[in-house]
Amino acid sequence: SRCIREGDTVARLAGDEFTLVLADMAHPDHAVQVVRKVLDSLSRPFHIAGYELYTSASLGMTLYPMDDTSIDGLLRNADIAMYRAKDHGGNSYHFYSADLTTKAREQLSMENDMRRALEREEFVLHYQPIISLKNEKVVALEALLRWNHPQRGLILPSEFMPLAEETGLVVPIGEWVLRTAIRYGTRLARAGLPWIRVAVNMSAHQFRQAEIVRIIERMLAAAGANANQFQLEITESVLMQNVEATTKALNAFSDIGLELSLDDFGTGYSSLSYLQRFPIDVLKIDRSFVRDIPMNPDDSAIANAIISMAHSLDMEVIAEGVESREQLQFLRDRGCDNVQGNYLSAPKSLEDVTQILATEKKFAEEMSR
């Protein structure tokens with residue numbers, strides 16, 4: 001209230017949302033001055049019950065009559081702009097523009113489509129082979145989510161997973177991925193195909209579910225699957241959010257027989273002392289360190305150091321994003337265990353990857369005669 005003029009209005013809408021109505025502004029810049037006062041005022045500590053509390057705000061701004069002439073329209077515009085300010089890290093402000101409405105509509109449409117996609121069985125898994133550098137055979141498959149949208153065709157997760165994370169849909173989608181990958185891995189084992197691990201990425205939301213170990217146990221039991229055929233891939237950033245809780249969760253996964261893989265290694269801030277505490281079986285060298293080897297000496301040194309460190313900790317190493325023969329040879333010479341990337345095989349449909357494994361089995365049988 002101290003930030004606005006007499007004649008302006010400040011009101012609480014609901015929860016932690018407030019509305020400021022600034023009347024008779026001569027220029028939009030004057031509104032910016034008020035908003036900066038608000039941000040500055042809220043940035044100072046509040047002294048409550050002997051504690052210093054800090055808060056921040058995200059503000060969305062819309063102009064009458066340029067943006068809209070109705071109260072509902074103006075409130076909607078301000079709300080859209082506020083979420084854009086939040087998307088940019090919060091503690092800031094953002095003016096409404098027409099393209100924000102377009103983006104909001106697109107996101108709402110995609111969210112609605114995503115909610116129906118599970119019911120309509122539009123999600124599919126593709127599998128990227130992981131190849132051993134010791135015998136050049138497929139030793140694992142990484143399950144990768146795709147959305148077969150009825151209008152837009154095949155959509156990669158980078159286009160829809162951020163929204164799934166934001167809306168919480170990542171949890172039911174993630175459960176579908178786990179259940180589907182477990183069923184497929186079980187089919188492989190029963191078909192007498194070579195022993196192949198199936199790796200599944202796990203989001204932060206899934207990892208933090210209180211009952212996630214029990215959920216996976218029920219999935220394994222329903223499929224009649226062996227837990228040691230499956231590998232959970234967890235990113236470094238997820239690992240370091242709450243070390244004590246993470247250690248407990250990882251030990252629970254390990255206790256039921258699941259392999260654990262640390263994805264995107266080298267891009268986060270994990271301490272080596274913490275790494276020793278976690279029951280990690282596999283380190284995956286992030287593609288950003290593989291992309292420029294062997295030409296870039298820094299990336300080459302990092303990749304080499306990760307391989308040596310992982311082996312000293314009795315961990316397996318996978319290099320992802322291998323796109324050339326030179327990268328492959330460098331990794332082989334440095335003792336990397338396994339590799340994956342489009343140079344060896346792009347992610348493939350269920351039918352295609354099954355055919356590859358069946359062919360490999362047939363070849364192995366012929367060689368043994």
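Position 1 is the first residue of the sequence, and the numbers go up from there. Side chains are part of it too, since the values below use all heavy atoms of this structure and drop only hydrogens, waters and symmetry mates.
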Is a donor from one side chain sitting under 3.5 angstrom from an acceptor on the other, for D333 and Q329? yes

Residues in salt bridge (Lys or Arg N to Asp or Glu O under 4.0 Å) contact with E111, at least two apart in sequence or another chain: R115

Listed partners of D8 passing salt bridge (Lys or Arg N to Asp or Glu O under 4.0 Å), at least two apart: R5

Taking all atoms of both residues into account, what is the closest heavy-atom pair of A225 and F230, and its distance? CB-CE1, 3.8 Å

Is the charged tip of R287 near the ring of F289: under 6.0 Å from the six-membered ring centre and within 45° of its axis? no

With a 4.5 Å cut-off on side-chain heavy atoms, are L74 and Y96 touching? no

Applying side-chain contact (heavy atoms from CB on, under 4.5 Å) between L331 and each of L133, D337, N338, report the one that passes. L133

To which residues is Y83 joined in a hydrophobic cluster, defined by side-chain heavy-atom contacts under 4.5 Å among Ile, Leu, Val, Met, Phe, Trp and Tyr, whether direct or through other members? M82

Does any donor atom in the side chain of D67 or T62 lie under 3.5 Å from an acceptor atom in the other side chain? yes

Parallel, tilted or perpendicular: which describes the rings of F253 and F207, with under 30° parallel and over 60° perpendicular? tilted

Can you tell me if K284 and Q340 form a side-chain donor-acceptor pair at under 3.5 Å? yes

Electrostatic pair R116:D113 at N-O distance under 4.0 angstrom: yes

Just do the side-chain contact (heavy atoms from CB on, under 4.5 Å) check on L258 and I216 with the steps written out, would you? CA-CA 10 Å; L258 291 166; I216 294 176; 3.9 Å; yes

Answer yes or no: is there an ion pair linking R214 with E211, defined by an N-O contact shorter than 4.0 Å? no

Could you state the interatomic distance from CG (L357) to OH (Y127), rounded to the nearest 0.5 Å? 11.0 Å

Is it true that E142 and R197 have a side-chain N and a carboxylate O under 4.0 angstrom from each other? no

Does I293 belong to the same Ile/Leu/Val/Met/Phe/Trp/Tyr cluster as L344, with side-chain heavy atoms less than 4.5 Å apart forming each link? yes

Hits for salt bridge (Lys or Arg N to Asp or Glu O under 4.0 Å) against D40, two or more places apart or cross-chain, chain-then-number order -> R44

Test: E323 and R291 ion pair at under 4.0 Å: no

Report yes or no: do V10 and Y93 belong to one cluster of Ile/Leu/Val/Met/Phe/Trp/Tyr joined by side chain heavy-atom distances under 4.5 Å? yes

Could you tell me which residues satisfy salt bridge (Lys or Arg N to Asp or Glu O under 4.0 Å) with E165, sequence neighbours excluded, listed by chain and number? none

Kindly give the heavy-atom pair with the smallest separation between G73 and D68, and that separation in Å. CA-OD2, 3.5 Å

To the nearest 0.5 Å, atom CE of M161 lies from atom CG of L163 at 10.0 Å

Quick one: which residue pairs count as a side chain to side chain donor-acceptor pair (under 3.5 Å) with a foot in residues 151-160, not counting sequence neighbours? R152-E159

